[in-house]
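In what follows, a single structure is set out as structure tokens and then discussed.
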Amino acid sequence: MQNFRSASSILRRFMQNSRFVSKSRSFCGVSTNALIDEPENTVVVEGKAYSRTAILNRPHVLNAINCSTVARLMKLYKNWEDDPDIGFVVLKGGDRAFSAGGDVVTLYYLLKQGNFQGCKEFCWTIYSFVYVVGTYLKPHVALLNGITMGGGAGISIPGTFRVATEKTMFATPETLIGYHPDAGASFYLSRLPGYLGEYLALTGDKMSGAEMVSCGLATHYSHSAKLPLIEEQLGKLITDDPSVIERSLENCGDIAHPDPASVLHRIGILDRCFSHDTVEEIIDALESEAAKKQDAWCVATLRKLQETSPLSLKVSLRSIRQGRHQTLDQCLRREYRMSLQALSGQISNDFCEGVRSRLVDRDLAPKWDPPSLEKVTDDMVDQYFSRLTASESELELPTQQ
């Protein structure tokens, strides 16, 4: 576990290194009326001495992110970045979740209504804000108390500090709905120790707050009972110095102890299996380990993979592998292309089928197309990574600012 204890600082250095972020700058079940939320109500603001706190305020849908939420956050963050009287920003969720991710049920109904343009706007807006968080010029503190999934992780993990608690539950479960980990996931998952990122992307497995800080997804760990104290101490700071903010967070920190059954204790076998080049080889390795050692973890992992979309598995593996060699903005541009392909249905309707099965009808019996890995062709995967049409605009990010 020693490698994981030091991974938090390693991941933070990765995030701030110019090799990966240009120097120049999940799903959840939600209501179908998400588009009518008033922008001013989706995010509540608290002003402190030298900081501002943005509170995600859609508790009825576990703070799922929609266009209104992100448009409000984008406006606030840009104003705060330009304000010399604001030193740093805090982001948290109201009620019992940080954020359950992107509002995919709304996307599902937009597609059913033929409103593909609305889906493009959704992706464009969220990915643009992820880039703002990842390149923000002031320290950013995310308090990840409760569910932190998909897009919720995307708007927090690229930031400076991420505080997890015993109530934190992280996952990127997009392959279970015929999609792919997005909103910057191919950037931060690909930078986890070993091949843990591939495992999380393909299986959609959950991680606790203790596991998050142990592998580097979170920078600090505190019991949730201390959150009021953490916020009180942060509210008194008159600084824009990350080291001062870090010391304040450390003063309220607790030691994280991943559960004995944690996947982090299986990193050796995980790396042996998930280091392979193809999904088929990964599955073969898991089956071989399971047969040789009667390994329960391998059997459970195989069961998880069987629940996912075959096309999503192949696409997600390639995405994480490409993300290892790309900057945040490059990952987001590629993920935007991938998302438009997934939502358009030109290759497969797995996204709509997955959302229908898991979140709308809830029969948990998706009919994937293609139905098996051997039916997923290289041409399908290649198309997933290309622009929807020759004239389709690429995601524009302010890399020159």
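Enclosure of atom NZ in Lys226 by more than 12 non-hydrogen atoms of other residues, nucleotides or ligands within 6.0 angstrom is indicated. Counting heavy-atom neighbours within 6.0 Å of Lys304 NZ, excluding the residue itself, gives a total above 12. Residue-environment remark: CG (Asp363) exceeds the threshold of 12 foreign heavy atoms within 6.0 Å. Atom CZ of Arg387 has more than 12 neighbouring heavy atoms from other residues, nucleotides or ligands inside a 6.0 Å radius.
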* **Candidate pair Tyr50 and Leu237, rule side chain to side chain contact (heavy atoms under 4.5 Å, CB included), full reasoning** => CA-CA 7 Å; Tyr50 203 63; Leu237 296 180; over 6 Å; no
* To do: Check the pair Ile255, Tyr221 against side chain to side chain contact (heavy atoms under 4.5 Å, CB included), reporting the backbone distance first and the verdict last.
  => CA-CA 7 Å; Ile255 298 175; Tyr221 180 84; over 6 Å; no
* For Ser222 and Asp254, run side chain to side chain donor-acceptor pair (under 3.5 Å): C-alpha distance rounded to whole Å, both residues' side-chain angles, the deciding distance at 0.1 Å, then the answer. => CA-CA 5 Å; Ser222 296; Asp254 294 294; 4.5 Å; no
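Ion pairing between Glu231 and Lys92 holds under the 4.0 Å rule for side-chain N and carboxylate O. Remark: Arg266 engages Asp295 in a salt bridge, criterion side-chain N to carboxylate O under 4.0 Å. Glu307 has no carboxylate O lying under 4.0 Å from a charged side-chain N of Arg303, or vice versa, which leaves the two without a salt bridge. With respect to Glu289 and Arg272, a salt bridge is recorded, a charged nitrogen being found less than 4.0 Å from a carboxylate O. The residues Glu198 and Arg324 are annotated as salt-bridged, a charged nitrogen and a carboxylate oxygen being separated by less than 4.0 angstrom. A salt bridge is defined here as a Lys NZ or Arg NE, NH1 or NH2 lying under 4.0 Å from an Asp or Glu carboxylate O, and Arg356 with Asp361 meets this definition. Arg318 and Asp382 are joined by a salt bridge, as a carboxylate oxygen and a charged side-chain nitrogen come within less than 4.0 angstrom of each other.
With a 6.0 Å cutoff to the six-membered ring centre and a 45° limit on the axis angle, Arg191 counts as a cation-pi contact of Phe187. The cationic group of Arg358 does not satisfy the cation-pi geometry with Tyr179, failing either the under 6.0 Å distance to the six-membered ring centre or the 45° limit from the ring axis.
Proximity of a side-chain donor or acceptor of Arg72 to a complementary backbone N or O of Asn41 within less than 3.5 Å is not detected. The backbone N or O of Leu395 sits less than 3.5 Å from a side-chain atom of Arg333, completing a donor-acceptor pair. Within the 3.5 Å criterion, the main-chain N or O of Gly184 finds a donor-acceptor partner in the side chain of Glu335. Between the side chain of Thr168 and the main chain of Leu144, a donor-acceptor pair closer than 3.5 Å is present. Side-chain atoms of Ser312 do not come within 3.5 Å of backbone N or O of Thr308 as any donor-acceptor pair. Proximity of a side-chain donor or acceptor of Tyr136 to a complementary backbone N or O of Glu81 within less than 3.5 Å is detected. Of the possible donor and acceptor atoms, one in the side chain of Asp271 sits under 3.5 Å from a partner among the backbone N and O of Tyr195. For the pair Arg52 (side chain) and Glu46 (backbone), a donor-acceptor distance under 3.5 Å is absent. A donor-acceptor distance shorter than 3.5 angstrom exists from the side chain of Ser99 to the backbone of Asn63, with no hydrogens or angles considered.
Paired with Ser186 under the rule side-chain hydrogen bond (donor to acceptor under 3.5 Å, both in side chains), one option of Gln326, Gln322, Arg334 passes, and it is Arg334.
Between the side chains of Asp241 and Ser243, a donor-acceptor pair is found at a separation under 3.5 Å.
Using bins of under 30°, 30° to 60° and over 60° for the plane-to-plane angle, the ring pair Tyr77/His140 lands in the tilted bin.
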